[in-house]
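Accompanying notes for the structure given below.
Everything numeric here is computed off the predicted structure, so don't read it as measured data.
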Amino acid sequence: GQTGKLMYVMHNSEYPLSCFALFENGPCLIADANFDILMVKLKGFFQNAKANKIESRGTRYQYCDFLVKVGTVTMGPSARGISVEVEYCPCVIANDCWNLLMEFMQSFMGNHTPGIPSVFGTKHDSVYSPADTMVQYMELFNKIRKQQQVPVAGIR
């Protein structure tokens, strides 16, 4: 009779030997790539929602100290959006370089530059980790999923 919490199993091509398990409003577990096999063995405790597979695939660019990844977000066979990931490689404390990141993104995104990610609000002066990137992707993917669920107005 308990309502289940959602767990998202995610992979990132930058970390091919790792698997990220993000719990709804909770921690992020970083495990070996074989975590997927373990989840199959635990299918009695977890329900798989394969129909909700969503991914971002694209191109990785490097410009001086910046790493930019532009991807097409797809759900099943159809494109649902575009993702843009920007990293300033010399900095490990995200809040220390946020203004520089904003200025760089504004140079090619203009007024479409996003605001500060919610993950920064909890990090303050701590080291930015791959798990933080995965949390941001999860937020983006959930936003795209919700857009699809919006009912369409009737046509007259």
Do [X] and [Y] touch side chain to side chain, with heavy atoms closer than 4.5 Å?
X: M134; Y: L22; answer: yes
X: V127; Y: I93; answer: yes
X: Y15; Y: I30; answer: no
X: M39; Y: K41; answer: no
X: L17; Y: D32; answer: no
X: T133; Y: E85; answer: yes
X: V9; Y: D36; answer: yes
X: K53; Y: M75; answer: no

List the atom of [X], the atom of [Y], and the distance in Å for their closest heavy-atom pair.
X: M7; Y: A21; result: SD-CB, 3.9 Å
X: C64; Y: Q62; result: O-NE2, 3.5 Å
X: A33; Y: P16; result: CB-O, 4.0 Å

F20: ring pair (Phe, Tyr, Trp, His ring centres under 6.0 Å) partners, not counting sequence neighbours: none
Main-chain N/O of E14 paired to N12 side chain as donor or acceptor, under 3.5 Å: yes
Side-chain donor or acceptor of N142 paired with backbone N/O of E139 under 3.5 Å: no
I82 and V70: CA distance, side-chain angles, deciding distance, side chain to side chain contact (heavy atoms under 4.5 Å, CB included) verdict: CA-CA 7 Å; I82 296 172; V70 180; 4.2 Å; yes
Pairwise ring-ring contact (aromatic ring centres under 6.0 Å, His included) hits with a residue in residues 79-100, at least two apart: F66-Y88, W98-F120
Distance in Å, [X] [atom1] paired with [Y] [atom2], rounded so as to fall on 0.5 Å steps:
X: S56; Y: F141; atom1: OG; atom2: CZ; value: 5.5 Å
X: Q106; Y: L101; atom1: CD; atom2: CG; value: 11.0 Å
X: L67; Y: C89; atom1: CG; atom2: SG; value: 5.0 Å
X: I116; Y: N95; atom1: CD1; atom2: CG; value: 5.5 Å
X: C19; Y: I37; atom1: SG; atom2: CD1; value: 10.0 Å
X: M10; Y: F35; atom1: CE; atom2: CZ; value: 13.5 Å

H11/S13 under side chain to side chain contact (heavy atoms under 4.5 Å, CB included): CA gap, chis, key distance, verdict: CA-CA 7 Å; H11 297 271; S13 59; over 6 Å; no
For residues 107-115, run the donor-acceptor check on the side chains, cut-off 3.5 Å, and write out each pair with its distance to 0.1 Å, sequence neighbours left out.
| unit_1 | atom_1 | unit_2 | atom_2 | d |
| --- | --- | --- | --- | --- |
| S107 | OG | F104 | O | 2.5 |
| T113 | OG1 | G110 | O | 2.8 |

CA sep, side-chain torsions, deciding dist, call: T74, I54, side chain to side chain contact (heavy atoms under 4.5 Å, CB included): CA-CA 6 Å; T74 57; I54 188 167; over 6 Å; no
